[in-house]
Amino acid sequence: MSTPPAILPLEVSDLVYEAGGARLLHDISFRLTAGTRTVVLGPNGAGKSLLLRLCHGLITPTMGAIRWGDQMLADPRRLQRHQAMVFQRPVLLRRSARGNVEHALSLHRVPRRQRRARADLALAQTGLAELGNRPARALSGGEQQRLALARAWATTPQVLFLDEPTANLDPAATRAVETLIHGFHAAGTKIIMTTHDLGQAQRVADEIVFIHHGRVLERTSADGFFSAPATPEAQAFIKGELLW
Amino acid sequence: MGEFGQALVNAATLIVEFDRDFIGIVGLSLRVSLTAVLFACALGFPLGAVLALSRFPGRGAVVAGLNALMGLPPVVVGLVVFLLLSRSGPFGVLGLLFTPTAMIIAQTILVTPIIAALTRQTVEDLWSEYGEHLHSLGATRADTIGTLLWDGRFSLTTTALAGFGRAIAEVGAVMIVGGNIDSVTRVMTTAIALETSKGNLEMALGLGIVLLVLALAVNGASQLIGTNAMRRAAQA
């Protein structure tokens, strides 16, 4: 097998997104490279999820461009096959846990006879080896989110998007998910994650993209952001003063 | 009360005696309606799924039209198929009028809108839940339809049963295109109509009871298969 073309860096330029006459994202530009865990941080309603969905190609920008690699790749579907996304509420099919992973592999055109082994490997990786035959939707919330991560793991993405992956989970399940995120990172997958949870951002992030009211206010290393936030909004957010 | 008692006796006698004519009628009923439902599912599942995922101007009207077609009167369908298949009609040369094939065609036309309309609803509901995930996986339209139909399989079984109920119970269409010819195109409903018009009410009622039991048996069987499949999916 040949190595797939590297889809990173991700170059976002002058991105604007409008819906229902309101401008939800304003002139967003940044460049994300491989090897770091990027956390998109901001209060509820800042536009974090929108930004992630735009980058992943689930919605199309009103203006501006999203470029992967050094040139614009023509087929968005081929691009998406090198990416995976984990949602706040995992979308699980009405099948067994293993069936969910096998389904993702079949959409990635993995030959049928390889799917079972690769699915079992991914389930083992996420601590779900015993639960492969259980109906996915009967799993606990934490197990469901780990299954979503197993499904992503099986497709060996270059980039993993996570949209508030632990917002509905208890501390133990949150820790399990964060451990898996570090596993992806160690395996060379680029992490791009949103959260409104400061503690989580500190545990996970190498770099922070801080957004507020649909604008990127800061883009800096995690250490720099938490020790010396540059903008008053970021200072207020870190102090836990609500921003609207 | 006496009539119902006699009808029950008749029904029991028909079943116990294993009368050849009677078995022929039941067999043809099942063959025609099950085949029609099979074709209607083959057409209606993909049709409903495509409609669920399509966005085009006038889609609302198409959905409303399809839903309205669920109430298609069997006699009208029978009449139209009759005209199409009659000697002077466009398909007259095929010589299908007054054959079981003609009855299957009529019932397929009758049942397909029911399957398609209910499938459209099922698939659309699932799509609102799965859409982003499937999009994220880079699913093609064929991938999406396959996934949604499979994950809707329990609802779609009920949909198929609704179609079967419609087919096995209707009399207007099979009467017109089949002609109720003894041991050729006579099915349970047309036999009931005939016995009633002959004044043979006990026999008609007996046949009716058998028809009910038959419908119950088919529903029970598919429910059994369904629960087993669900249990397997839950435990395997």
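Below, read A as the first sequence line, B as the second, and so on, with proteins coming before strands; counting in each chain starts at 1. Only this structure's heavy atoms are used, side chains among them; waters, hydrogens and symmetry mates stay out.
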Region of [X] that comes under 4.5 Å of a non-hydrogen atom in chain B:
| X | value |
| --- | --- |
| Arg98(A) | neither |
| Ala138(A) | neither |
| Arg89(A) | neither |

Sidechain N-carboxylate O distance under 4.0 Å for Asp151(B), Arg137(A): no
Could you tell me whether Arg94(A) and Glu129(B) make a salt bridge, using a distance below 4.0 angstrom between a side-chain N and a carboxylate O? yes
Tell me whether [X] at atom [atom1] has more than 12 heavy atoms from other residues, nucleotides or ligands lying less than 6.0 Å away.
| X | atom1 | result |
| --- | --- | --- |
| Phe39(B) | CZ | no |
| Gln223(B) | CD | no |
| Phe91(B) | CZ | no |
| Trp127(B) | CH2 | yes |

When you compare the side chain of Val91(A) with that of Glu132(B), does any pair of heavy atoms fall below 4.5 Å? no
Where is the tightest heavy-atom contact between Ser136(B) and His56(A), given as atom of each residue plus distance? OG-NE2, 2.8 Å
Scanning both residues in full, the closest heavy-atom pair of Thr140(B) with Arg109(A) reads CG2-NH2, 3.7 Å
Test side-chain contact (heavy atoms from CB on, under 4.5 Å) on His133(B) and Leu92(A); report intermediate values, then the result. CA-CA 9 Å; His133(B) 172 61; Leu92(A) 296 179; over 6 Å; no
Say you draw a straight line from [atom1] of [X] to [atom2] of [Y]; how long is it, rounded to the nearest 0.5 Å?
| X | Y | atom1 | atom2 | result |
| --- | --- | --- | --- | --- |
| Leu93(A) | Leu134(B) | CG | CG | 7.0 Å |
| Thr147(B) | His103(A) | OG1 | NE2 | 2.5 Å |
| Leu107(A) | Thr144(B) | CG | OG1 | 7.0 Å |

